[in-house]
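Data block below; observations after.
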Amino acid sequence: MDSDQKYAYFKMLVELGYKEIEVSFPSASDTDFGFTRRLVETPGTVPDDVWLQVLSPCREDLIRKTVESLRGAKKALLHLYLATSECFQRIVFQHTQEQGIEQAVRCTELARKLTKDDPSQSGTEWAYEFSPETFSDTSPEYVIRICEAVKKAWGPSKSNPIIFNLPATVEMSTPNVYADQIEYFCTNMSEREKICVSLHPHNDRGCAVAAAELAQMAGADRVEGTLFGNGERTGNVCLVTLALNLYTQGIHPRIDFSNINHVIEVVERSNKIPVHERHPYGGQLVVCAFSGSHQDAINKGFRARESLRAQPSDPWQMPYLPIDPKDINRTYEAIIRVNSQSGKGGVAWIIQQKLSLELPRGLQIAFSSIVQRQADAAKRELLSSEIEKLFIDTYRLQQEPRFNLLDYSINADRSESPAPPPKGKALNTQRLRRHFDGFISDGEDEYHIKGSGNGPISSLANALYSFGINLNVGDYKEHAIGEGSDVKAATYIECIAADSQERIWGIGIDTDTVQASLVAFLSAAASYMGDRPLTQTPLPKKGTPANRDLLHAQQNGHVAPERGRSPGGVLVSKTNGVSAA
Ligand SMILES: CC(=O)SCCNC(=O)CCNC(=O)[C@H](O)C(C)(C)COP(=O)(O)OP(=O)(O)OC[C@H]1O[C@@H](n2cnc3c(N)ncnc32)[C@H](O)[C@@H]1OP(=O)(O)O
Ligand SMILES: CC(C)C(=O)C(=O)O
């Protein structure tokens, strides 16, 4: 990273809520030294409660340069490291354990002299961190010896404790072993109250997060890591995962990942390493479900939350989703992804999200098999926009419909009621016969249709017999879409063909509930007919609305009823030029 990238990254870490940020290795390069100076010298960049942490090996020349980089900082945390394992002492430094202790003490004394003991540095609050690098591969007794010596050299206090950072420089054991090593350190160091025990797990065995969590339970106070686990080899422990693991346990980590996409964007741009799609919490696929049983359960989970009118503050209990995607600024829309392993629940979810339609179970099953066939044929995931289009096309919700309901009236006929009410008693409208009288078009021609039944749908069904359309209603569901004056009715009708027993769904959406059901029935009738021609004779070509009214008058022996009023005064629903799929 260049200075500007580091600057942007630093600002983001501050905004997220981090208070101790290792900003550089100042002795490494002019970039790192200059960047540290930039932070110190640019007013308003480093909040008063944020510590600037810098790293240096235990080498005198490098320590001097490192301390110099922090001159003038408000809060400065000097971090020195020296490997303590037998392997490193023999191979890298060719020194003994005693020489290791001497070097650590000498460098700590120098650090003290250059910082808190130097009157010219008194404007800075100094803290000191020592890392026995390769801690987890070092004899625990030796770690205690070297850290006791370093502690004595620095002289910590309760209010300004020394940080002993205990790295699993290379992760080489199960997390419980690391936790045991931490516990040993915590219980065997003197003046524990003057010590902050810090963890620094790496991820070579893939257990860094587990190691950090277990070691905190074993007594540690602090964890060092990186966002999304960047770092040498398999990386450092991931701070995003640690924070959100706490969050999902109901403990706010005081780190704000409510816009995780922004964090990912900055991290990827800076590190030039993509965050894996399946990375805990942050990965693009981790709040998605492809498989049918997961989708079904999630769909039910959201419906349960809706029916309970759950508030954001209520406990999050959702099958297969450990976190509410909204808490990290992920949308619900992307949760369910459909491929050939997906089932009806996922498909229903997408239609609900896209079109606000709550499909009845039977329709879910019917449409899901259409989606599955499409996904199988495409040999890939179907986009939610493709599924939405497939639904609209299948149920003819937008395209030029096979049947248009142009105009109609439905009259309830008291004279044909099987049991007229006793004088003075209210009429049971449920038992009245309905007469449907209307006009439909197939895009080309217009037709006059009439029929009777126990209700609006059965009277329309009866009217369509003459077209060779013989459908019985198998299932019927309706619900409202929206609220207030914009509310609409969505109606779903499953029809069973009298000849083939084929089951066909139709959907109608309208501000008027009766009309929505008529449109739904015509939608099913259109699917049943497919491309087959209609057998009935159409009206003369000049079938204008005026002609229709005239015909109405001629056939009924009176003029057409005034729109919106039934001659019987019991029930009328009518339309003019309504699309019915
Ligand atoms: C565990 C970690 O990840 S700690 C972070 C590591 N990060 C870095 O190393 C990044 C910055 N490092 C650098 O820029 C360079 O390595 C520098 C500036 C520190 C040193 O560069 P050079 O002087 O060229 O040394 P070089 O990197 O080749 O070798 C390291 C030397 O430091 C010694 N050394 C390594 N670690 C330490 C340590 N913690 N304390 C003291 N000396 C050390 C090595 O033994 C070696 O010494 P030698 O030259 O006597 O054999
Ligand atoms: C400097 C130390 C803490 C380190 O990075 C490591 O050991 O991994």
Side-chain angles (χ1 to χ4, degrees), residues 1 6 20-36 53-69 77-97 99-111 127-138 143 146-147 149-150 153 162-173 178 181-182 185 196-205 207-209 211-212 215 220-227 229-239 271:
M1 282 188 261
K6 275 172 162 278
E20 294 171 16
I21 304 173
E22 192 163 273
V23 296
S24 64
F25 198 119
S27 64
S29 63
D30 288 344
T31 307
D32 268 26
F33 189 91
F35 173 67
T36 316
Q53 179 173 325
V54 290
L55 183 59
S56 170
C58 282
R59 280 171 48 180
E60 282 196 30
D61 52 339
L62 304 186
I63 293 170
R64 286 180 191 281
K65 186 157 188 194
T66 304
V67 170
E68 215 37 49
S69 75
L77 174 41
L78 175 62
H79 178 191
L80 303 192
Y81 68 99
L82 182 65
T84 50
S85 66
E86 188 279 329
C87 166
F88 270 59
Q89 290 191 329
R90 178 167 44 84
I91 297 174
V92 183
F93 304 128
Q94 294 115 36
H95 69 198
T96 63
Q97 286 194 336
Q99 287 169 321
I101 293 176
E102 278 163 27
Q103 187 172 345
V105 168
R106 197 172 57 247
C107 289
T108 303
E109 285 171 349
L110 175 65
Y128 181 61
E129 172 174 343
F130 178 76
S131 290
E133 191 194 348
T134 61
F135 158 83
S136 59
D137 191 32
T138 303
V143 171
I146 193 167
C147 287
V150 165
I162 184 169
I163 299 172
F164 283 117
N165 183 51
L166 309 175
T169 303
V170 175
E171 185 177 52
M172 43 180 56
S173 68
Y178 182 62
Q181 291 168 327
I182 298 297
F185 185 86
C196 171
V197 175
S198 175
L199 309 172
H200 185 108
H202 278 267
N203 202 31
D204 299 81
R205 294 166 53 97
C207 300
V209 167
D221 310 302
R222 176 183 190 268
V223 184
E224 287 189 355
T226 58
L227 298 184
N230 192 25
E232 291 278 27
R233 308 182 307 284
T234 53
N236 290 67
V237 69
C238 171
L239 293 179
N271 294 344

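Order of appearance sets the numbers: ligands from 1, and atoms from 1 within every ligand. By convention here, the first residue in the shown sequence is residue 1.
- Remark: side-chain polar atoms of Asp30 are not paired, donor with acceptor, to backbone N or O of Gly34 under 3.5 angstrom.
- Residue contacts with ligand 2, taken as heavy atom pairs separated by less than 4.0 Å, do not involve Asn236 at all.
- More than 12 heavy atoms of other residues, nucleotides or ligands sit less than 6.0 Å from atom CD of Gln99.
- What sits closest to atom 4 (C) of ligand 2 on the protein, heavy atoms only, is His200 NE2, 3.4 Å.
- Look at Arg64 and Glu68 and you find no salt bridge, because none of the NZ, NE, NH1 or NH2 atoms lies under 4.0 Å from a carboxylate O.
- Using modelled atom types and a 3.5 Å distance limit, the side chains of Tyr128 and Thr108 yield a donor-acceptor pair.
- Side-chain atoms of Thr84 come within 3.5 Å of backbone atoms of Glu133 as a donor-acceptor pair (strictly under, hydrogens ignored).
- Thr169 OG1, 2.7 Å is the protein heavy atom nearest to atom 7 (O) of ligand 2.
- Under the side-chain contact (heavy atoms from CB on, under 4.5 Å) test applied with Cys58, the options Phe93, Tyr81, Phe130 reduce to a single match, Phe130.
- Within the listing of ligand 2, atoms 3 (C) sit less than 4.0 angstrom from a heavy atom of Ser131.
- Atoms of ligand 2 found under 4.0 Å from any heavy atom of Asn165, numbered from 1 in the order shown, are 3 (C).
- Within ligand 2, the atoms closer than 4.0 Å to a non-hydrogen atom of Glu133 are 7 (O), numbered from 1 in the order shown.
- Counting protein heavy atoms only, atom 8 (O) of ligand 2 is closest to His202 NE2, 2.9 Å.
- Look at Glu60 and Lys65 and you find no salt bridge, because none of the NZ, NE, NH1 or NH2 atoms lies under 4.0 Å from a carboxylate O.
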List below, pair by pair, the N or O atoms of ligand 1 and of the protein that are less than 3.5 Å apart, including the distance to 0.1 Å; reply 'none' if no pair qualifies.
residue	atom	partner	partner atom	Å
ligand 1	23 (O)	Arg59	NH1	3.3
ligand 1	23 (O)	Arg59	NH2	3.1
ligand 1	32 (O)	Arg59	NH1	3.1
ligand 1	39 (N)	Tyr81	O	2.7
ligand 1	40 (N)	Cys58	N	2.9

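- Asn236 and Thr226 share no donor-acceptor pair across their side chains, judged by distance under 3.5 Å alone.
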